[in-house]
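Hydrogens, waters and symmetry mates are skipped; everything else that's a heavy atom, side chains included, is used.
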Amino acid sequence: MRPKNSYPNALTIRRRKAEGSLTRDDNGHVDWTLDANFENHYAGFGAVQNQSGREFYYAKQTYSDLSMVVIVPSCSETRAVTGKHRILFQSRVFEVLAAYDSQERQDEVVIVCKEVRNG
């Protein structure tokens with residue numbers, strides 16, 4: 001496990017709201033781009049990494065939309081992250097593509113993301 005200072009970036013993980021509290025358009029469809037349809041799930045620190053080099057090349061073969069990898073300490077909230085979550089980092093919003101326990105030791109969770117909004 002990394003030392004605590006290895007998670008330098010403040011971030012918030014948000015999850016989709018429950019079905020009864022979603023904002024819908026005039027036709028009854030849910031717009032998943034609206035912040036109103038998400039609620040905070042986890043607020044803490046993580047390591048936000050742009051991908052480059054060989055790692056990026058191999059990861060792009062699996063996740064063609066990959067733009068960022070976020071590594072967070074493992075806890076019940078971060079282990080529950082799925083594709084129905086988003087990450088807010090500074091003024092940027094990332095959609096979660098996948099999340100997994102990096103070495104199956106429950107030390108940290110690796111979250112693969114694509115940027116959906118900047119600013």
Side-chain angles (χ1 to χ4, degrees):
M1 183 165 168
R2 298 172 183 230
K4 288 206 180 276
N5 60 359
S6 293
Y7 302 108
N9 308 109
L11 53 89
T12 302
I13 299 175
R14 303 192 80 206
R15 67 175 167 223
R16 291 181 182 178
K17 285 187 175 179
E19 188 65 32
S21 58
L22 295 173
T23 303
R24 298 177 182 277
D25 64 15
D26 294 337
N27 297 320
H29 297 107
V30 177
D31 183 355
W32 293 114
T33 63
L34 295 177
D35 289 331
N37 288 323
F38 290 84
E39 61 190 3
N40 288 352
H41 174 72
Y42 168 84
F45 291 86
V48 178
Q49 303 173 344
N50 287 314
Q51 293 301 290
S52 62
R54 189 180 315 175
E55 275 183 357
F56 182 68
Y57 175 76
Y58 291 123
K60 285 289 266 186
Q61 290 181 0
T62 304
Y63 303 105
S64 61
D65 294 340
L66 167 72
S67 58
M68 189 76 68
V69 171
V70 178
I71 301 171
V72 293
S74 181
C75 66
S76 59
E77 288 90 4
T78 58
R79 285 191 303 271
V81 171
T82 67
K84 294 182 179 183
H85 288 78
R86 298 180 148 185
I87 295 180
L88 304 180
F89 170 62
Q90 296 172 345
S91 63
R92 301 162 74 185
V93 179
F94 296 92
E95 178 183 329
V96 173
L97 300 175
Y100 57 92
D101 185 345
S102 66
Q103 297 175 7
E104 298 184 13
R105 293 189 321 218
Q106 296 190 347
D107 287 344
E108 53 190 21
V109 176
V110 176
I111 304 171
V112 179
C113 308
K114 79 173 180 181
E115 190 162 5
V116 292
R117 191 169 66 229
N118 187 350

Self-check item: Ion pair E95/R16, N-O distance below 4.0 Å
Solution: no

Exercise. Kindly compute the distance separating CG (L97) from OG1 (T82), expressed to the nearest 0.5 Å.
Key: 11.5 Å

Exercise. Please answer whether the main-chain N or O of H29 pairs with a side-chain N or O of N27 as donor and acceptor at a distance below 3.5 Å.
Key: no

Practice problem: Measure across G46 and V72 and return the closest heavy-atom pair with its distance rounded to 0.1 Å. | Solution: CA-CG1, 4.0 Å

Quiz item: Can you find a pair of side-chain heavy atoms, one from F89 and one from C113, that are under 4.5 Å apart?
Solution: no

Quiz item: At what distance, to the nearest 0.5 angstrom, does NZ of K84 lie from CH2 of W32?
Solution: 8.0 Å

Quiz item: Atom CG in N37, atom CG in D31: separation rounded to 0.5 Å?
Solution: 7.0 Å

Quiz item: Taking all atoms of both residues into account, what is the closest heavy-atom pair of K17 and S21, and its distance?
Solution: CB-OG, 3.6 Å

Quiz item: Do Y100 and V69 belong together in a cluster built from hydrophobic side chains that touch within less than 4.5 Å?
Solution: yes

Quiz item: Do you know which two heavy atoms are closest between A80 and H85, and how far apart they sit?
Solution: O-CE1, 3.5 Å

Practice problem: Find the distance between OG1 (T78) and NE2 (H41) and round it off to the nearest 0.5 Å. | Solution: 7.5 Å

Quiz prompt | F38 CZ to I13 CD1 distance, which is reported to the nearest 0.5 Å | solution = 13.0 Å

Quiz prompt | Atom pair CG/CD1 of D107 and I71 - distance to nearest 0.5 Å | solution = 12.0 Å

Self-check item: Note, E115 side chain near R92 side chain (heavy atom, < 4.5 Å)
Solution: yes

Exercise. Compare all side-chain heavy atoms of R14 with those of D35 and state whether any distance is below 4.5 angstrom.
Key: yes

Practice problem: Decide yes or no for V70 and L11: does some side-chain heavy atom of the first lie under 4.5 Å from some side-chain heavy atom of the second? | Solution: yes

Quiz item: Closest approach of T23 and A36, non-hydrogen atoms and distance?
Solution: OG1-CB, 3.8 Å

Self-check item: Distance-minimising heavy-atom pair for P8 and A47
Solution: CD-CA, 4.2 Å

Practice problem: Kindly give the heavy-atom pair with the smallest separation between A99 and V81, and that separation in Å. | Solution: CB-O, 3.6 Å

